[in-house]
Amino acid sequence: MPDKEKKQGTNISRRNFLKGVGTGTVAATVAPSVLISGEKAADAQMDAAVERATVTLHINGAPYVVEVEARTTLLTVLRDGIDTTGNTIDLTGAKLICDRGECGGCTVMIDGNPVYACMMLAMDAQDKQITTVEGLADGDDLHPVQEAFIQHDALMCGFCTPGFVVSSAALLNENAKPTLEEIKVGLSGNTCRCGTYPFIFDAVKTASRKM
Ligand code: FES
Ligand code: FES
């Protein structure tokens, strides 16, 4: 093929290509850089939209300064939080099970009342006394509820146990001598899939006699 023809051919081919392709193909040709800058802009917008704050949480009698997003739950901070000095909080007694306020595995006490930590925002826990299952014992001395759970073998897999222990302790703080019915109502926010309820109720009765 002569050079001129080859050149024309090339030109025609390029023109045809540019005429022939749809806008979608053109978009696909230029998309990577456009998309990347678009993603960066979206990320920047998201970052700007995420509200962050430094809060002090009083957990088991100690202050923890943490930076949290508005959407961060108290449970996330307890289990996975890192304070502003770089120390992990690492209070993993409260369990992440349903993550929707149904099982009670994440129960902690807020100012003495049982609360699902998965349903509470960390920001809302400021200026409150947070007690986790780790905070119930006094050094090596277990809380009477913890002792009674051991005595009555009130657990099988143990996954629900920290939540039940905290709810039981909160119940006994409120009502030192609950009836069986009151115990059942007081612990109705906690679920045990292993079905250890009779042993748990016995443990709470025993603890109530000790406290
Ligand atoms: S994990 Fe919070 S209620 Fe189930
Ligand atoms: S002991 Fe297994 S879920 Fe309660």
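We count ligands from 1, going down the list as the structure has it; atoms in each ligand are counted the same way. For clarity, every value in this text was computed on a predicted model and none was experimentally measured.
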> Is it true that Glu69 and Arg71 make a salt bridge, defined as a side-chain N closer than 4.0 Å to a carboxylate O?
Replying inline: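 Salt bridge present between Glu69 and Arg71.
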
> Which angle, to the nearest 10 degrees, do you find at atom 4 (Fe) of ligand 1 between SG in Cys103 and SG in Cys98?
Replying inline: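 About 110° at atom 4 (Fe) of ligand 1.
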
Going by the order shown, which atoms of ligand 2 are within less than 4.0 Å of some heavy atom of [X]?
X	result
Gly158	1 (S), 2 (Fe)
Arg193	3 (S)
Cys160	1 (S), 3 (S), 4 (Fe)

> To the nearest 0.1 Å, how far is atom 1 (S) of ligand 2 from its closest protein heavy atom, and which atom is that?
Replying inline: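 Result: Met156 N, 3.2 Å.
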
>> Test your reading of the model: is there a side-chain donor-acceptor pair from Lys205 to the backbone of Leu180, 3.5 Å cut-off?
In response: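 Such a contact is absent between Lys205 side chain and Leu180 backbone.
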
Which ligand 1 atoms does [X] reach within 4.0 Å, using its non-hydrogen atoms?
X	result
Gly101	3 (S)
Asp99	1 (S), 4 (Fe)
Lys95	1 (S)
Ile97	1 (S)
Cys118	1 (S), 2 (Fe), 3 (S)
Glu102	3 (S)

> Short check: any N/O/S atom of Cys194 below 2.8 Å from atom 2 (Fe) of ligand 2?
Replying inline: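 Given the 2.8 Å cut-off, Cys194 counts as a ligand of atom 2 (Fe) of ligand 2.
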
> Is the distance between atom 2 (Fe) of ligand 2 and the nearest N/O/S atom of Cys157 smaller than 2.8 Å?
Replying inline: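 Short answer: yes, at least one N, O or S atom is under the cut-off.
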
>> Within a 6.0 Å radius of atom CZ on Phe199, are there more than 12 heavy atoms belonging to other residues, nucleotides or ligands?
In response: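 Atom CZ in Phe199 is not crowded, with 12 or fewer foreign heavy atoms closer than 6.0 Å.
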
> Do other residues, nucleotides or ligands put more than 12 heavy atoms under 6.0 Å from Met156 CE?
Replying inline: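 Open.
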
How close do [X] and [Y] get, heavy atom to heavy atom, and via which atoms?
X	Y	result
Thr191	Cys160	O-CB, 3.4 Å
Ala207	Pro144	CB-O, 3.8 Å
Ala94	Arg79	O-NH1, 2.8 Å

> If you measure from CG on Leu57 to CD on Gln126, what distance do you get to the nearest 0.5 Å?
Replying inline: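 Output value for this atom pair is 7.0 Å.
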
>> When you compare the side chain of Phe149 with that of Ser168, does any pair of heavy atoms fall below 4.5 Å?
In response: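 Yes, at least one pair of side-chain atoms sits under 4.5 Å.
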
> Can you tell me if Cys192 has an N, O or S atom under 2.8 Å away from atom 4 (Fe) of ligand 2?
Replying inline: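 It does: Cys192 brings an N, O or S atom closer than 2.8 Å to atom 4 (Fe) of ligand 2.
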
